[in-house]
Each structure stands twice: as C-alpha cells, then as structure tokens.
Protein chains: 2
Amino acid sequence: MSPVARMPESSGGSREKILDVAESLFARRGFAGVGLREIAQAVGLGKSSLFHHFDGKAQLYLVVLGRVLGRIEGRLGGALASEGTAMQRLDRWIEALIDAFAETPPSARLLLRGLVEDEQLPPEAEALPEFAAVNDTLDRILAGVYRLLVEGQRAGEIRTGSPPQMIQTLIGAVVYHFASGELGERVLGAPLLSAESVRERKAELVRLFHTGIAACPGPRQEDPS
Amino acid sequence: MSPVARMPESSGGSREKILDVAESLFARRGFAGVGLREIAQAVGLGKSSLFHHFDGKAQLYLVVLGRVLGRIEGRLGGALASEGTAMQRLDRWIEALIDAFAETPPSARLLLRGLVEDEQLPPEAEALPEFAAVNDTLDRILAGVYRLLVEGQRAGEIRTGSPPQMIQTLIGAVVYHFASGELGERVLGAPLLSAESVRERKAELVRLFHTGIAACPGPRQEDPS
DNA sequence: CATGCGCTCGACCGATCGGTCGGGGCTCAG
DNA sequence: CTGAGCCCCGACCGATCGGTCGAGCGCATG
C-alpha cells in the first residue's frame, strides 16, 4: 500500500491520541453526532483499530468522559484540601474549576453533554464498569463541594439556603459559560478562552457569590461612577 | 384560484403534534440522536408525511427551536415591559424564564443544546430562513436583558461589572438547572419540576443576585419576613 | 530460522439514516 | 359526475452507521 515506511512514533500513543480526538469531536457534536470512522480518520487510523483499544463506541465515550472528570477532580481536590476559611476554599474551588475548563477547552461542552444527556447512550452502556466509575467520580466531586458549603454555613461564612440549590447555580454558571461557544462569544464580544476573559470570569463569579448583583444599599463601599 | 381562506390548523393538528413530539425527542437525545422514523412513529404518521409539513430534518429542528424561543420571548417581554425599578424587573425576568421552563419541561434541554451545539446541524442549514429567525429571536432576548442590566447600573440599583458576564451567569444558572435532569434531581434530592422546587429555585436565584452567597459581614439590615 | 504478539488494515455485515417517488383516499367546488 | 388540493402512505434509494473478521505487518523472543 504505502511504499513509505508509515508509523513515525504513532504505535505508542495511539490510545491517547484516540482519546484526545474523541474528546474534541464528542464535545462538538455529541455522542450520536460523531461516527467512529470520523474519529479513526482524524487520528490517522483505520476504524477497525479503534476496537483494539476500546470495546465499542459507548465504552470509548465513557472512558473519555471519565478522563475529563478525573482531571477536574484532581484540580478541585487541591482547592478542597487547601488552607483557609470555607469561603476562601470555595473561591479556590470555583477558580480551579474554571482553570480546568480553560486548560482543556472541550471539557466544558463534553461535561455539559454528559451531565444533561442521560438518555443519549444505548441502554446497555449503563452496565459498563466505566459508567459506574463516571458516576462515582461525579458523586465525589459533588459531595466535596456540598461538604464545603455546609461547613461554611456552620461557620457563619455562608448565608442560609439550600446547598444543593447553590451547587446547581455553581455548576450552571461555570460549565455553561465555558460551553457556550459561539453564542457566549457573541454575548461577551470577546473570545471565551483568552487569559483576560478567564480572569474576568473568575472575578465576576467570586464577586457574585460574595455580594450578589444588586448594589449594596447599606453602608457598603461603592465606587464613584 | 382565489385565495381560499382555509384554516390549516383545525383541519388537522398534525403539524403541531409533530412539533410537540419532535421537541420532546430532540430535547432528550439531540438533533443527531433522533431519527425521523422515530418522530413519525411517535406522532402516529408515516415518515413520508413529515415531508409534507417540513422541508427536512434540519428545518424541522429549527422550527421547533424557534417555537421554543418564541414562547420564551413572549414571557420575558412581559417582565421587561412591567412597572418598577430595573432590579424589580430583573427579578421578574428571571422568574418568567423559570416559569417558561417549568411550563414546558423539554424547553430547557432543547435550548441548552441549541445554544451550545452550533456544529450539530449540517452546514447548509445555516442558509435556511428559520436559522436566521432563531438567531434574531435570540438576539432580541439577549438585547432586552442587556438593556435592563445597563439601566439598572445607571440607576445605581445594580453593582458595577460586565453585563455580558452577568448574562452568562443568568443563563447558566437558570437553563442548566432545568436541563440538568436526572443529575439535578440527584443533587437536589427532589424532583426538578415540582411546584415547590420551582418556587425554591426562584427564591434562591433572586436571593443570590440580591445578596450573593456569602453571609453579609457588614451591618446590613436583615429582612424581617 | 520460527513462533507469538501487539497493532493495524480493508472488506464486509445487517441495520438504519435522511430523503424521494408515485399513488391512494378524502373533501369540496364546478 | 369530474377534477383539484391536501394529507397520507409504503416502497425504495444511496449513504452511512456500529461492529466483525481474517489477514498482514514489524518486532521481540526462542
């Protein structure tokens, strides 16, 4: 076929390359919107080769999702284990989540799909061990921030209210933003992932959770504008 | 001959039924995840009949999306045109958005997909008039809340900060919540769409935007409710 | 040399995809 | 009656889907 000796150094990292490509494609068009042929071609392999690394499309998708969640969990764990008040750790938790999405841009979209699209996978995929692993990681992440919020409430640093409701807000405000793509850039009038936008997003969310959106009517400092 | 004033809707509600079914299915599994056969069967029609009401899958999807956006725009318009301060109107805007999603449950998921998945449609679909209509409606909605935020800032009712960033937060916190499905119910430990959950969500978001999440450190007045 | 193994491949499978086509039943105007 | 419009349908199209199969490759062992 090819007279030239193919195979630069591809033999080693094929699995990782497949995961990278699949992550990007699944993030863009979803589980049902991407074909294995397309993934294989983008990697530079034949479609059959994918089946030597993964058991099928559903398992590949779950491995991709698990890898993303694992990366995020690692970053968030650092924030949870850091020093300081619960509110300070919550700030770091938010910033770590933002950093995770800014570092690996497709993550946010992939995660949003994974979180919201429970019915996209064929039913038999729920029996795969990777499915349970994804759910476990998700539960650990959610339990971590839940404990942080409760601790903050007990310490009087966080106002009363339902921690699950706060978690929903946190996830929505962070994940949606970095998954919003073209529309988000239209709203912002600036690229989503530039260093400046990322910094601005962190500042906005930290400020939101500290003081809300309303101007503080009481004897709070206000800017002269 | 002469334009016969037929009434296309009463003669057969097929078109509306198709739209209802398609909205629900597209919301659950996305554009690529739903086949026309499945839609037709769920409606109780043959697949060919869909083509007598719509030009194809992409156009059907865009009509569904446009219908959802139209419903939402109607509700939000009422909030924008209401009486009161900008902050009061913003509260009503948020509550109207929540009501829209609570009333038509698939809306949130469909919208989240539509907003985030720009690459899911075949490229030629962007030339369809429905595509432009969807974008126009979206722009009007975004422009409306943008003006509201700026007005609130000028009136000193809303703190300084980037209105687009605030919009991203608003959308994420509301749309994600009602699109979060199974995971959201796991987080909340309660159904997403019960009257109580909807009321709680409104209260949480209004409170968030008014005072943040942190306990107010200063001598703020506590509302004696 | 031979053997086995990790990895890749093209050919092929049945099923399903979006979309087309010609025609049949229905109602209403002439 | 006869046509004209709808609305609907089953049959069919080429393309693509996820997945299987057997063989071929280079390479490390004997």
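Computed over heavy atoms, backbone and side chain alike; hydrogens, waters and symmetry mates excluded. Sequence lines set the chain letters: A, B, ... in the order given, protein chains first and strands last, and positions in each chain run from 1. Bear in mind that the values here come from a model prediction, so they are computed numbers and not experimental data.
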Salt bridge present between A/Glu16 and A/Arg67 (N-O < 4.0 angstrom): yes
Determine the interplanar angle of the B/Phe101 and B/Phe178 rings, folded into 0 to 90°, and report it as parallel if under 30°, tilted if 30 to 60°, perpendicular if over 60°. tilted
Charged N to carboxylate O below 4.0 Å: is that the case for B/Glu103 and B/Arg71? no
Yes or no on salt bridge (Lys or Arg N to Asp or Glu O under 4.0 Å) for B/Lys202 and B/Asp91, after CA distance, side-chain angles and deciding distance? CA-CA 9 Å; B/Lys202 287 184 188 173; B/Asp91 290 344; over 6 Å; no
Between protein and nucleotides 22-27 of chain C, what N or O pairs are separated by less than 3.5 Å?
none

Ion pair check, A/Arg28 and A/Glu23, cut-off under 4.0 Å: no
Tell me whether A/Glu38 is salt-bridged to A/Arg29, with the criterion being a basic N under 4.0 Å from an acidic carboxylate O. yes
Could you give the CG-to-C1' distance, from A/Leu45 to D/dC25, as a whole number of Å? 14 Å
Treating primed atoms plus P, OP1 and OP2 as sugar-phosphate and everything else as base, which nucleotides of nucleotides 13-18 of chain C get B, S or - for protein heavy atoms under 4.0 Å? ----BB
Verdict with supporting geometry, B/Glu151 and B/Arg89, salt bridge (Lys or Arg N to Asp or Glu O under 4.0 Å): CA-CA 11 Å; B/Glu151 180 188 337; B/Arg89 272 172 287 157; 2.7 Å; yes
Aromatic ring proximity, centroids under 6.0 angstrom, A/Tyr61 and A/Phe31: yes
Which part of the nucleic acid, if any, lies within reach of A/Gly44 when heavy atoms closer than 4.0 Å are counted: base, sugar-phosphate only, or nothing? sugar-phosphate
